[in-house]
Participant: 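Shown below is the structure under consideration.
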Amino acid sequence: MPELPEVETIARTLRPALLGAEISEAEIRWARTIAHPSLGEFQERIRGQSIQEVDRRGKFLSVRLSDGYLFIHLRMSGDLVLQEASSPPGKHERLRWRLRRAQAGPAEGQALVFSDPRKFGRVWLTEDPAQVVGDLGPEPLSEAFTVAWLYEQLRRHRRLLKPLLLDQTFLAGLGNIYTDEALYLARLHPATPSHTVTREQAERLHAAIQTVLQEGIRSNGASIDWVYRGGEFQNHFRVYGRTGQPCPTCGALVVKLRLGQRGTHFCSTCQPLREYAD
DNA sequence: AGCATTACCCGCACGC
DNA sequence: TGCGTGCGGGTAATGC
C-alpha cells in the first residue's frame with residue numbers, strides 16, 4: 001500500500017523504537033523476500049548489527065546499520081509493525097527481526113515484523129546504497145526538485161505524463177494514487193505528452209506534486225483495500241477511486257481509463273487533453 | 001543504437 | 001463460483 005507518504009509515515013512511526021536497537025536474529029519465513037544477498041549470508045551478516053538511522057528514499061525504507069544498509073520495499077501489500085518477539089507469526093508474515101537493547105528501552109522484547117499477503121515485497125542488505133537506490137530520480141520534496149528541473153525534464157522526454165511520473169528513475173516516490181491526485185490538482189490530462197507541457201503547466205504540476213504528498217504525509221498516508229494502517233488520506237481523494245462520482249471542482253463525473261497498465265482517474269472537464277488559450 | 005512502450009508476470013484478497 | 005481488479009516494478013519483446 002505504500003507510496004512516498006505511507007513509507008514516510010512508517011519510518012516516522014518505527015524510528016523511536018528502532019534507533020539504537022540491535023538485531024539479534026532474522027527469521028525468514030518466505031525466502032524470496034530476500035533480494036540480496038543469499039539467505040544464509042543475509043542472516044549471518046545482519047546478526048548483531050545495531051540500527052543507526054531509519055529513513056526513506058523514494059518508496060524504499062532505508063535502515064542504516066552499524067555495518068551497511070538494510071532496504072525494505074513494501075510493493076503492493078507489505079507492512080511493517082513492531083510486535084512482541086514471542087507473538088505467534090501472522091498468516092502473511094514473511095520476515096521477523098528480533099530486537100535487543102543493551103539497556104531496557106522501547107524495543108526490549110520486541111520484533112520488527114514484515115508481513116505481505118501478495119509476497120511482492122523485497123529486502124536488501126548491502127554496504128553500497130547505490131546498488132539498490134542508485135537509479136532513483138530526485139526526491140519530490142527536496143530542494144533538488146525545482147520547477148526549472150521539472151520543466152526541462154518534461155520537455156526532454158517524450159512520454160505521457162502519467163507513466164513518466166510513475167517511473168521511479170524519473171522522480172522517486174509517486175505511485176498510482178498520488179500521481180492521479182497531482183495531475184488533477186495541476187489540471188493536466190494524464191495522457192498529455194510530456195514535451196508539450198508549458199512552463200506554466202510545469203509550475204502547476206510541481207506545486208501539485210508537493211501539495212498532494214504533503215497532504216498525504218499530514219494524513220499519515222492512505223489506508224485502502226484491506227490494509228488499514230491508521231492513515232486517513234483515503235478520505236480526501238479527489239479523483240482516485242472515485243470513478244462515476246462528481247469532480248470536487250466542477251461536478252462532472254470522474255472517469256477512468258487505462259494508461260500504462262494502470263487505472264487512471266481524472267476529470268475530463270478540468271483536465272482537458274489540450275489547453276486552449278482564451 | 002538507444003529510447004520508449006507494451007505485455008506479461010508475480011500471490012493474494014476482495015467486490016460484484 | 002468465477003472474474004476482474006490492484007497502493008509496484010522487473011523482464012522481455014516490440015516499436016520508433
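Below, read A as the first sequence line, B as the second, and so on, with proteins coming before strands; counting in each chain starts at 1. Hydrogens, waters and symmetry mates play no part in the numbers below; they use all other heavy atoms, side chains included.
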Participant: Rounded to whole Å, please give me the gap between CG in Asp180(A) and P in dG8(C).
Facilitator: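 Taking atom P of dG8(C) as the reference, CG of Asp180(A) is at 11 Å.
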Participant: Kindly say whether the aromatic ring centers of Tyr178(A) and Phe233(A) come within a distance under 6.0 Å.
Facilitator: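 Yes.
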Participant: Figure out the CE/P separation between Met76(A) and dG10(C), and round it to whole Å.
Facilitator: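 Going from CE in Met76(A) over to P in dG10(C) covers 14 Å.
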Participant: Hey, which of Arg96(A), Arg98(A), Arg94(A), Gln43(A) is the one that makes side-chain hydrogen bond (donor to acceptor under 3.5 Å, both in side chains) with Glu27(A)?
Facilitator: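 The residue from Arg96(A), Arg98(A), Arg94(A), Gln43(A) that satisfies side-chain hydrogen bond (donor to acceptor under 3.5 Å, both in side chains) with Glu27(A) turns out to be Arg98(A).
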Participant: Less than 4.0 angstrom from a charged side-chain N to a carboxylate O is my criterion; do Arg204(A) and Glu200(A) meet it?
Facilitator: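 Glu200(A) and Arg204(A): not salt-bridged.
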Participant: Could you tell me how far apart Leu165(A) (CG) and dG8(C) (P) are, to the nearest whole angstrom?
Facilitator: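 Those two atoms, CG and P, are 13 Å apart.
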Participant: Ignoring the backbone of Lys256(A), work out which of dG8(C), dC10(B), dG6(C) is nearest its side chain.
Facilitator: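 In terms of side-chain proximity for Lys256(A), the closest of dG8(C), dC10(B), dG6(C) is dG6(C).
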Participant: Can you measure Lys119(A) atom NZ to dC10(B) atom P for me and round it to whole angstrom units?
Facilitator: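 Rounding to the nearest Å, NZ of Lys119(A) and P of dC10(B) are 13 Å apart.
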Participant: Phe120(A) stacking on dG9(C): centroids under 5.5 Å, ring planes under 30°?
Facilitator: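 Stack criterion not met.
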Participant: Kindly indicate whether the side chain of Arg118(A) and the base of dG6(C) share any N or O donor-acceptor pair separated by less than 3.5 Å?
Facilitator: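 Such a pair is found, so the answer is yes.
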Participant: Can you tell me, in whole Å, how much space there is between the P of dC8(B) and that of dG4(C)?
Facilitator: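 The same atom, P, in both gives a distance of 14 Å.
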Participant: Mind checking if Gln168(A) touches a base, just sugar-phosphate, or nothing, with heavy atoms under 4.0 Å?
Facilitator: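 Answer is sugar-phosphate: Gln168(A) comes under 4.0 Å of backbone atoms only.
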Participant: Write down the distance between CG (Leu74(A)) and P (dG11(B)), rounded to a whole number of angstrom.
Facilitator: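 Rounded to the whole Å, the gap is 17 Å.
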Participant: Checking side-chain hydrogen bond (donor to acceptor under 3.5 Å, both in side chains) between Lys162(A) and each of Thr179(A), Asp167(A), Asp180(A), which is the one that passes?
Facilitator: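 In the set Thr179(A), Asp167(A), Asp180(A), the residue that makes a side-chain hydrogen bond (donor to acceptor under 3.5 Å, both in side chains) with Lys162(A) is Asp180(A).
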Participant: Examine dC3(B): is either OP1 or OP2 under 4.0 Å from a nitrogen or oxygen in the side chain of His157(A)? Give yes or no.
Facilitator: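 No, because none of the side-chain N or O atoms of His157(A) sits under 4.0 Å from OP1 or OP2 of dC3(B).
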Participant: Any side-chain N or O of Lys59(A) less than 4.0 Å from the OP1 or OP2 oxygen of dG9(C)?
Facilitator: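 The answer is yes; a side-chain N or O of Lys59(A) sits under 4.0 Å from OP1 or OP2.
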Participant: Where does dG10(C) land, syn or anti, given syn is within 90° of 0?
Facilitator: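 You should classify dG10(C) as anti.
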Participant: Any idea how Phe42(A) and Trp97(A) line up, ring-wise: parallel (<30°), tilted (30 to 60°), or perpendicular (>60°)?
Facilitator: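 The rings of Phe42(A) and Trp97(A) sit tilted, inter-plane angle from 30° to 60°.
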Participant: Output yes when Glu53(A) and Arg15(A) qualify as a salt bridge under the 4.0 Å nitrogen-oxygen rule, no when they do not.
Facilitator: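 Judged by the 4.0 Å cut-off on N to carboxylate O distance, Glu53(A) and Arg15(A) do not form a salt bridge.
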Participant: Can you tell me how far P of dG8(C) sits from CH2 of Trp124(A), to the nearest Å?
Facilitator: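 Rounding to the nearest Å, CH2 of Trp124(A) and P of dG8(C) are 14 Å apart.
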Participant: Select one nucleotide: of dA13(B), dA7(B), dT5(C), the one nearest the side-chain heavy atoms of Gln261(A).
Facilitator: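 For the Gln261(A) side chain, the nearest candidate turns out to be dA7(B).
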Participant: Tell me, which of residues 129-139 of chain A have any heavy atom that sits under 4.0 Å from an atom in DNA chain C?
Facilitator: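 Under 4.0 Å from DNA chain C: no residue of residues 129-139 of chain A.
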Participant: Enumerate all atom pairs, one protein N or O and one N or O from nucleotides 14-16 of chain B, separated by less than 3.5 Å.
Facilitator:
none

Participant: Between P on dC8(B) and CZ on Arg258(A), what's the gap in Å once rounded to a whole number?
Facilitator: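 Atom-to-atom, Arg258(A) to dC8(B), this comes out as 12 Å.
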Participant: Find the partner of dC10(B): check Watson-Crick (N1-N3 plus N6-O4 or O6-N4) and G-U wobble (N1-O2, O6-N3) distances, both under 3.5 Å, and reply none if neither fits.
Facilitator: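 Because both required distances fall under 3.5 Å, dC10(B) counts as paired with dG8(C).
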Participant: Do other residues, nucleotides or ligands put more than 12 heavy atoms under 6.0 Å from the CD atom of Gln245(A)?
Facilitator: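 Above 12, so yes.
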Participant: Side chain of Glu3(A) only, heavy atoms from C-beta on: which candidate in dG9(C), dA13(B), dG8(C) is closest?
Facilitator: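 The answer is dG8(C).
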Participant: For residues Leu125(A) and Pro37(A), report the shortest heavy-atom separation together with the two atoms involved.
Facilitator: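 Smallest heavy-atom distance, with atoms named: O-CD, 3.6 Å.
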Participant: Given dG11(B), dC12(B), dG9(C), which nucleotide is nearest the side-chain atoms of Trp30(A)?
Facilitator: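 Among the listed nucleotides, the one closest to the side chain of Trp30(A) is dG11(B).
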Participant: Write down the distance between CG (Asp79(A)) and C1' (dG8(C)), rounded to a whole number of angstrom.
Facilitator: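 To the nearest whole Å, that distance equals 16 Å.
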Participant: Can you find a side chain N or O atom of His92(A) that sits less than 4.0 Å from OP1 or OP2 on dG11(B)?
Facilitator: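 False: His92(A) side-chain N/O out of range (4.0 Å or more) of dG11(B) OP1/OP2.
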Participant: Hey, is the main chain of Val239(A) close enough, under 3.5 Å, to the side chain of Glu181(A) for a donor-acceptor pair?
Facilitator: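 Such a contact is found between Glu181(A) side chain and Val239(A) backbone.
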Participant: Taking the side chain from Ser66(A) and the backbone from Ser50(A), do they hold a donor-acceptor pair closer than 3.5 Å?
Facilitator: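 Yes, the answer is positive, given that a donor and an acceptor are paired below the 3.5 Å cut-off.
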Participant: For dG8(C) and Arg262(A) - does any side-chain N or O of the residue sit under 4.0 Å from the phosphate oxygens OP1/OP2?
Facilitator: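 Arg262(A) to dG8(C) OP1/OP2: side-chain N or O found under 4.0 Å.
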Participant: Say whether Leu74(A) and Leu82(A) are linked into one hydrophobic cluster, either directly or through other cluster members, by side-chain heavy-atom distances under 4.5 angstrom.
Facilitator: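 The answer is yes; both residues are in one hydrophobic cluster.
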